[in-house]
K.L.:
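Handing you a structure now.
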Amino acid sequence: QVQLVESGGGLVQPGGSLRLSCAASGSISGIAVMGWDRQAPGRQRELVASITSGGDITVTDSVKGRFTISRDNAKNTVYLQMNSLKPEDTAVYYCHAGEPGGWGTSIDYWGKGTLVTVSS
């Protein structure tokens, strides 16, 4: 099994910055992609950013130029650097990891989430 633990959330003023961290442990050798989703109250969960084991990056349009995803393979950790934060970024941010399950299937793991609140 894979365990994911997020950290780094909190309260920040508009225009401020936060860095989220997600540490993976357990049976992690098969993980092919890691990333972050977010969910605000009353809204659907959406992909924020992801990075594959080969370094391919996907970032949603609403955060391009402000958020950066990266990973430290030696530490089995993925980061989300969030700059120029807006109130609209307020949400619970969830770390995700996925691995091939064989024959087109996948196995997905999720952290418990960390709350980011952007408010003045």
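Not measured: the values here are computed from a predicted model.
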K.L.:
Locate the shortest heavy-atom distance separating Ser84 from Ser17; write the atom from each residue and the value.
P.N.:
N-OG, 4.3 Å
K.L.:
Would you give the length of the straight line joining atom OG of Ser7 to atom CG of Leu20, rounded to the nearest 0.5 angstrom?
P.N.:
8.0 Å
K.L.:
Is there a path of hydrophobic side-chain contacts, each under 4.5 Å between heavy atoms of I, L, V, M, F, W or Y residues, that connects Phe67 with Val33?
P.N.:
no
K.L.:
To the closest 0.5 Å, what do you measure between CE (Met34) and OH (Tyr79)?
P.N.:
10.5 Å
K.L.:
Using the rule that two of Ile, Leu, Val, Met, Phe, Trp, Tyr join whenever any of their side-chain heavy atoms come within less than 4.5 Å, decide whether Trp110 and Val92 are in one cluster.
P.N.:
yes
K.L.:
Is any side-chain heavy atom of Pro87 closer than 4.5 Å to a side-chain heavy atom of Pro14?
P.N.:
yes
K.L.:
Spell out, yes or no, whether Tyr109 and Trp36 are grouped together once hydrophobic residues are joined by side-chain heavy atoms under 4.5 Å, including indirect joins.
P.N.:
yes
K.L.:
Taking atom CZ of Arg71 and atom CD1 of Ile57, what is their separation to the nearest 0.5 Å?
P.N.:
10.0 Å
K.L.:
Spell out, as yes or no, whether a donor-acceptor pair under 3.5 Å connects the side chain of Glu6 to the backbone of Lys112.
P.N.:
yes
K.L.:
State whether a side-chain donor-acceptor pair under 3.5 Å links Thr77 with Asp72.
P.N.:
no
K.L.:
Checking the side chain of Arg45 only, and the main-chain atoms of Arg38 only, is there a donor and an acceptor separated by less than 3.5 Å?
P.N.:
no
K.L.:
Does Val118 offer a backbone N or O that forms a donor-acceptor pair with the side chain of Thr90 under 3.5 Å?
P.N.:
yes
K.L.:
Give a yes-or-no answer on whether the side chains of Gln81 and Asn83 include a donor-acceptor pair shorter than 3.5 Å.
P.N.:
yes
K.L.:
Please determine which of Leu80, Thr114, Leu85 meets the side chain to side chain contact (heavy atoms under 4.5 Å, CB included) test together with Leu18.
P.N.:
Leu85
K.L.:
Where is the tightest heavy-atom contact between Gln3 and Gln1, given as atom of each residue plus distance?
P.N.:
NE2-CB, 3.6 Å
K.L.:
Roughly how far, to the nearest 0.5 Å, is CG of Leu4 from NE2 of His96?
P.N.:
8.5 Å
K.L.:
Could you give me the CA-CA distance, side-chain angles and deciding distance for Thr117 and Val12, then say whether side chain to side chain contact (heavy atoms under 4.5 Å, CB included) is met?
P.N.:
CA-CA 6 Å; Thr117 302; Val12 65; over 6 Å; no
K.L.:
Verify the cluster assignment for Val78 and Tyr94: are they in a single hydrophobic cluster under the rule of side-chain heavy atoms below 4.5 Å apart?
P.N.:
no
K.L.:
Could you tell me whether Lys86 and Asp89 make a salt bridge, using a distance below 4.0 angstrom between a side-chain N and a carboxylate O?
P.N.:
no
K.L.:
Can you tell me how far the CG atom of Leu11 sits from the OG atom of Ser120, to the nearest 0.5 Å?
P.N.:
10.0 Å
K.L.:
Once you round to the nearest 0.5 Å, how far does CG of Asp37 lie from CD of Glu46?
P.N.:
8.0 Å
